[in-house]
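Right, one structure below, let's go through it.
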Amino acid sequence: MRFHLTRFAVATRFTLIEHGRNRFAMLLVGLFVPVWTTLAYLVMPDTPARMRLRATGETLAPHGNELTEISGALNAVTLITGFMMFAATFGGSGFDRRLAMAGYPRAHLVLAKVTALALASAVVAAYATAVTCLAWTPRRPLLLAAALFCAGLTYGALGVGFGCLLRREVEGMFAIVMTSITDLALQNPVSSSGADNPIMRFLPSYGAMQAATAAGFSTTPVPGYLAIEFTWFAAASVIALVGFRRSTRSCLPPAAPAPQPRPGNGKAGLPAPRQAATPSSALSDTEAP
């Protein structure tokens, strides 16, 4: 047990150090979250947006700027966690491969990434919830934080998958940005007239968006929609595991099989030495008819 805890602690420490070196991600957490959510609240009109919340079955009329701020907070959390996990995975893929080839357990490396993802998602979700509460007070801030946390987990796992499967950094960044923007813009009834379309339930952050909206404007519990988001996290984790196994596999050719021992003795069989021909045998070969 101590062996596994030590390997896990070492892998987690290196993963957190890698995240700490990503100063651009730290800058995004400190500036992008408050700037984006505050602009969404101040710029958008506060006209009530009539909508039907599928999570509770209620017909609500929240202020448009408050609803857009929730969508902006989700967008900020998913972008930041996805970017952090992608950057750490893409930049450390060579190091992970060398560790795996040297015999370091892959399970400990994977658990370290999951731990770092959970910590990053929790910090960013709590920060985004606090920034949101500065402008207005959601009815259930803890549920809002839980929804943001689950969305961060999902996109963080997607970031790991993109970092393992894509070959260039720009491809992964584009994939994360476009996935998050398309996912959340279509679900916001202020900016999308098709937010009530049944197709929306197949989007990655559908469960988090429904739970976050319920946290802001309803008192009805919606545990099933957090479970939907955890299902998306599980699916994204499978993609990430497949990509991680693929990126850390050995590229060396398989070793040649060892020679089998001869029957009767325990020593490996060696080829018999070639004997030089004697003059008498060579003469007899030339005189033979």
Side-chain angles (χ1 to χ4, degrees), residues 25 28-29 32-33 36-37 39-41 44 49 51-55 62 64 66-87 89 117 120-121 124-125 128-129 132 143-163 165-166 170-217 222 224-240 243:
L28 287 178
V29 174
F32 180 69
V33 172
W36 175 230
T37 54
L39 285 177
Y41 181 78
M44 296 300 294
M51 58 171 290
R52 182 178 180 273
L53 184 61
R54 290 181 176 272
E66 296 175 353
L67 185 59
T68 304
E69 187 176 13
I70 286 181
S71 178
L74 280 167
N75 184 225
V77 170
T78 54
L79 283 175
I80 290 174
T81 54
F83 166 71
M84 290 179 64
M85 297 307 298
F86 170 78
T89 304
L117 170 58
S121 299
V124 179
T129 304
T132 301
L143 179 59
L144 176 60
L148 295 176
F149 172 73
C150 294
L153 288 179
T154 300
Y155 273 81
L158 287 176
V160 174
F162 290 150
L165 298 175
L166 299 180
V170 66
E171 297 175 354
M173 297 302 299
F174 183 80
I176 293 171
V177 170
M178 293 309 298
T179 302
S180 177
I181 291 177
T182 304
D183 180 13
L184 292 162
L186 291 176
Q187 297 187 64
N188 187 358
V190 177
S191 59
S192 174
S193 59
D196 290 335
N197 195 301
I199 298 178
M200 297 297 115
R201 68 185 63 185
F202 299 107
L203 295 177
S205 65
Y206 173 74
M209 183 66 179
Q210 292 289 312
T213 306
F217 312 107
V222 287
Y225 285 82
L226 290 178
I228 291 175
E229 196 61 34
F230 270 112
T231 303
W232 268 104
F233 167 63
S237 299
V238 171
I239 298 174

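As the structure is a computational prediction, the values presented were derived from the model and not from experiment. One-based numbering along the sequence shown.
In this structure, CE on M209 lies 6.5 Å from CG on L74, to the nearest 0.5 angstrom. The line from CG of L158 to CG of L153 is 11.0 Å long, rounded to the nearest 0.5 Å. The line from CE of M173 to CZ of F83 is 4.5 Å long, rounded to the nearest 0.5 Å. A distance of 8.5 Å separates CE in M84 from OG in S121, rounded to the nearest 0.5 Å.
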Evaluate the side-chain contact (heavy atoms from CB on, under 4.5 Å) criterion for residues M51 and T213: first the C-alpha distance (whole Å), next the side-chain angles of each, then the deciding distance (0.1 Å), finally the verdict.
CA-CA 11 Å; M51 58 171 290; T213 306; 4.0 Å; yes
Under the side-chain contact (heavy atoms from CB on, under 4.5 Å) criterion, do I70 and T37 qualify, and how do the steps go?
CA-CA 8 Å; I70 286 181; T37 54; over 6 Å; no
Give the intermediate values and the outcome of side-chain contact (heavy atoms from CB on, under 4.5 Å) for residues L203 and W232.
CA-CA 9 Å; L203 295 177; W232 268 104; 6.0 Å; no
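The side-chain heavy atoms of Y225 and Y206, taken from C-beta on, include a pair separated by under 4.5 Å. At a threshold of 4.5 Å between non-hydrogen side-chain atoms, the residues L226 and L143 count as touching. Between T179 and Y155 the shortest side-chain heavy-atom distance falls below 4.5 Å. Looking only at side-chain heavy atoms (C-beta outward), F217 and L67 come within less than 4.5 Å of each other. Side-chain contact between R54 and P198 is present, with heavy atoms from C-beta onward closer than 4.5 Å.
Listed by chain and number, the residues in a side chain to side chain contact (heavy atoms under 4.5 Å, CB included) with L39 are V35, V43 (sequence neighbours excluded). Judged as a side chain to side chain donor-acceptor pair (under 3.5 Å), and not counting sequence neighbours, the contacts of T78 are S180. Scored by the ring pair (Phe, Tyr, Trp, His ring centres under 6.0 Å) test, F86 finds F90 as partners (sequence neighbours excluded). Q187 pairs by the side chain to side chain donor-acceptor pair (under 3.5 Å) definition with D183, S205, not counting sequence neighbours. Looking at residues two or more places apart in sequence or on another chain, you find a side chain to side chain contact (heavy atoms under 4.5 Å, CB included) between M44 and N65, T68, V190.
No side-chain donor-acceptor contact under 3.5 Å links T89 to the backbone of G163. Listed for the E69 side chain is no donor-acceptor partner under 3.5 Å among the backbone atoms of A40. Here the side chain of T154 pairs a donor or acceptor atom with the backbone of C150 at under 3.5 angstrom.
Closest approach of V222 and A214 over heavy atoms only: CG2-CB, 4.0 Å. The shortest heavy-atom contact between W36 and A76 is CD1-CB, 4.1 Å. Smallest separation of non-hydrogen atoms from A151 and A208: CB-CB, 3.8 Å. When every heavy atom of M85 is checked against every heavy atom of V160, the shortest pair comes out as CE-CG2, 3.7 Å. G82 and I176 make their closest contact through O-CD1, 3.3 Å (heavy atoms, listed as atom of the first residue, atom of the second, distance). The two atoms that bring A145 and A125 nearest to each other are O-CB, 3.7 Å, heavy atoms only.
T132 pairs with exactly one of V33, L148, L144 by the side-chain contact (heavy atoms from CB on, under 4.5 Å) rule, that one being L144.
Relative ring orientation between F233 and F230 is described as perpendicular, the plane-to-plane angle rising above 60° on a 0-90° scale split at 30° and 60°.
Each salt bridge (charged side-chain N to carboxylate O under 4.0 Å, His left out) pair with one or both residues in residues 170-180, not counting sequence neighbours, appears once here: R168-E171.
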